[in-house]
Participant: 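Before we start, here is the structure in question, set down as structure tokens.
Owing to the predicted nature of the structure, the values given are computational and were not obtained by experimental measurement. One is the number of the first residue; the rest follow in order along the sequence.
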Amino acid sequence: MTATHSTRMLILGSGPAGLSAAIYGARAGMAPIVVQGIQPGGQLTTTTDVENYPGFRDVIQGPWLMEQMQAQAEHVGAKMEWDHIVEVDLSRRPFRLIGDGGTVYTGDVLVIATGAQAKWLNLPSEEHLKGKGVSACATCDGFFYRGKKVAVIGGGNTAVEEALYMTNHSHDVTLIHRRDTLRAEKILQERLFAHPNIKVLWNKAVDRFVAGGTPEGLVGLDLRDTRTGEISRLDVEGGFVAIGHSPATELFKGKLALDKDGYIEVETGSTRTNVEGVFACGDVMDKTYRQAVTAAGTGCMAALDAERFLAEAEFEASVAA
């Protein structure tokens, strides 16, 4: 027999945004159900040192922070379900979601917090050195590379912005791009080219992230010239892959308004989507900041928006009756 779980507030995703929504929703008496997805805890579960989350003087561990958030959400009344959603029906309320094992979840409101994943180069050496010199977020990890030589890989807005950001920590920043022109906005390019601490290597692709040292970490990049195939070495201690992010919105194509990059569109100043009763928070709707603290903030917003929506809907129903 197929199991069915029903709630006033259904939350899809269990990173900082989803769990913050769960905490606020539970405290409002909505007994939220959080469907955790294939990566419970979100991207922070793959992040080791976290130094920029408010409230902690010392460096904390990403997995530990997410464990604490989940424990807090459960303590105030949220329920966790470890499942992977494969089908959604947003055509009517309550909204209906189906897990890959056939379990049905229904909610009077739906909060989407499925996040986004950084795009990687998918090199074996990259995987080996993640967290040991290789990162996909300069604003998250740049502080750890103060005074060190670093490289940023990419040619779009994200890469240029991260290269400029890294000049706050390093006097030797190299932008590596596989083509001979950047895709970034003109004004960003002008700032990049004018900065004395940034140099650009054109027509170069990373062939290998080079490990070394004690403890082991990134010591260089083997670069392949995209025109000649020649291999060269660039000595760096930090490598930031900045080739974009992919929002987890495949389930919602054709069902919610998405922007050209696939992020869920929300009303300015809120988390409301174009479907009444559906709210989006965290990296699935935010391609600008992408920080744990901003995700948590929008999770709070989503819970408050959802609570107000339900209160108004229930008031209107009582008046009509």
Participant: Going by distance alone, is a donor N or O of one side chain under 3.5 Å from an acceptor N or O of the other, for Asp305 and Thr271?
Facilitator: yes
Participant: Look at Arg227 together with Asp180 and state whether they make a salt bridge at an N to O cut-off of under 4.0 Å.
Facilitator: no
Participant: Taking NZ, NE, NH1 and NH2 as the nitrogens, is one of them in Asp283 or Arg290 under 4.0 Å from a carboxylate oxygen of the other?
Facilitator: no
Participant: If you measure only the distance, is there a donor-acceptor pair under 3.5 Å linking the side chains of Asp83 and Tyr105?
Facilitator: yes
Participant: Give me the atom names and distance for the closest heavy-atom approach of Cys281 to Val111.
Facilitator: SG-CG1, 3.7 Å
Participant: Does Val236 share a hydrophobic cluster with Val173, counting links as ILVMFWY side-chain heavy atoms below 4.5 Å and allowing steps through other members?
Facilitator: no
Participant: Could you tell me whether a side-chain N or O of Ser20 sits under 3.5 Å from a main-chain N or O of Ala17, the two making a donor and an acceptor?
Facilitator: no
Participant: Determine yes or no for a side-chain-to-main-chain donor-acceptor pair under 3.5 angstrom, with Thr7 supplying the side chain and Ala31 the backbone.
Facilitator: yes
Participant: When you compare the side chains of Asp172 and Ser170, does any donor N or O come within less than 3.5 Å of an acceptor on the partner?
Facilitator: no
Participant: Check whether more than 12 heavy atoms from other residues, nucleotides or ligands sit under 6.0 Å from atom NE2 of His195, and answer yes or no.
Facilitator: yes
Participant: Counting only heavy atoms not in Arg233, do more than 12 sit closer than 6.0 Å to its CZ atom?
Facilitator: yes
Participant: If I compare all heavy atoms of Leu218 with all of Gly238, which pair ends up nearest, and what's the gap?
Facilitator: CD2-C, 3.7 Å
Participant: In plain terms, say whether Asp235 and Lys149 are close enough for a salt bridge, that is, a side-chain N and a carboxylate O under 4.0 Å apart.
Facilitator: no
Participant: Going only through I, L, V, M, F, W and Y residues with side-chain contacts under 4.5 Å, is there a path from Met9 to Ile23?
Facilitator: no
Participant: Looking at Glu237 and Lys132, does any basic side-chain N land under 4.0 Å from a carboxylate oxygen?
Facilitator: no
Participant: Please answer: with hydrophobic residues joined when any side-chain heavy atoms are less than 4.5 Å apart, are Ile98 and Phe252 in the same cluster?
Facilitator: no
Participant: Just checking, any donor-acceptor pair under 3.5 angstrom between side chains of Glu265 and Thr273?
Facilitator: no
Participant: Tell me whether Asp89 is salt-bridged to Arg96, with the criterion being a basic N under 4.0 Å from an acidic carboxylate O.
Facilitator: no
Participant: Tell me whether the count of non-hydrogen atoms from other residues, nucleotides or ligands lying under 6.0 Å of CZ in Phe193 goes above 12.
Facilitator: yes
Participant: Look up atom CD1 in Ile198 and atom CG in Leu192, then write down how far apart they are to the nearest 0.5 Å.
Facilitator: 4.5 Å
Participant: Under the ring pair (Phe, Tyr, Trp, His ring centres under 6.0 Å) rule, what do His169 and Tyr145 come out as? Steps first, then yes or no, please.
Facilitator: CA-CA 7 Å; His169 304 296; Tyr145 299 90; 9.2 Å; no
Participant: Determine whether Leu19 and Val76 fall in the same hydrophobic cluster, where Ile, Leu, Val, Met, Phe, Trp and Tyr are linked whenever their side-chain heavy atoms lie under 4.5 Å apart.
Facilitator: no
Participant: Check whether more than 12 heavy atoms from other residues, nucleotides or ligands sit under 6.0 Å from atom CH2 of Trp82, and answer yes or no.
Facilitator: no
Participant: Is a side-chain N or O of Asp207 found less than 3.5 angstrom from the main chain of Asp222, in a donor-acceptor match?
Facilitator: no
Participant: With a 3.5 Å cut-off and no angle check, do the side chains of Glu216 and His128 form a donor-acceptor pair?
Facilitator: yes
Participant: If you define the side chain from C-beta out and look only at heavy atoms, does anything of Phe209 sit under 4.5 Å from Leu221?
Facilitator: yes
Participant: How close do Ala21 and Ile11 get, heavy atom to heavy atom, and via which atoms?
Facilitator: C-CD1, 3.8 Å
Participant: Tell me the closest heavy-atom pair linking Lys255 and Val275, and the distance in Å.
Facilitator: O-CG2, 3.6 Å
Participant: Under 3.5 Å, is there a donor-acceptor pair between the side chain of Asp141 and the main chain of Ala138?
Facilitator: no
Participant: Check whether more than 12 heavy atoms from other residues, nucleotides or ligands sit under 6.0 Å from atom CZ of Arg224, and answer yes or no.
Facilitator: yes
Participant: Quick check on Arg93: does its CZ atom have over 12 non-hydrogen neighbours (other residues, nucleotides or ligands) under 6.0 Å away?
Facilitator: yes
Participant: Taking the side chain as every heavy atom from C-beta outward, state whether Leu188 and Asn157 have any pair of such atoms under 4.5 Å apart.
Facilitator: yes
Participant: If you look at every heavy atom in Lys119 and Ile243, which pair is closest and at what distance?
Facilitator: O-CG1, 3.4 Å
Participant: Which heavy atom of Thr139 sits nearest a heavy atom of Gln291, and at what distance?
Facilitator: OG1-NE2, 2.9 Å
Participant: Taking Thr174 for its side chain and Ala151 for its backbone only, find out whether a donor-acceptor pair lies under 3.5 Å.
Facilitator: no
Participant: If you count every heavy atom of other residues, nucleotides or ligands that lies below 6.0 Å from Glu267 atom CD, does the total exceed 12?
Facilitator: yes
Participant: Between the main-chain N or O of Met66 and the side-chain N or O of Gln70, is there a donor-acceptor pair closer than 3.5 Å?
Facilitator: no
Participant: May I ask you to test the Tyr263-Val284 pair for a side-chain heavy-atom distance under 4.5 Å?
Facilitator: no
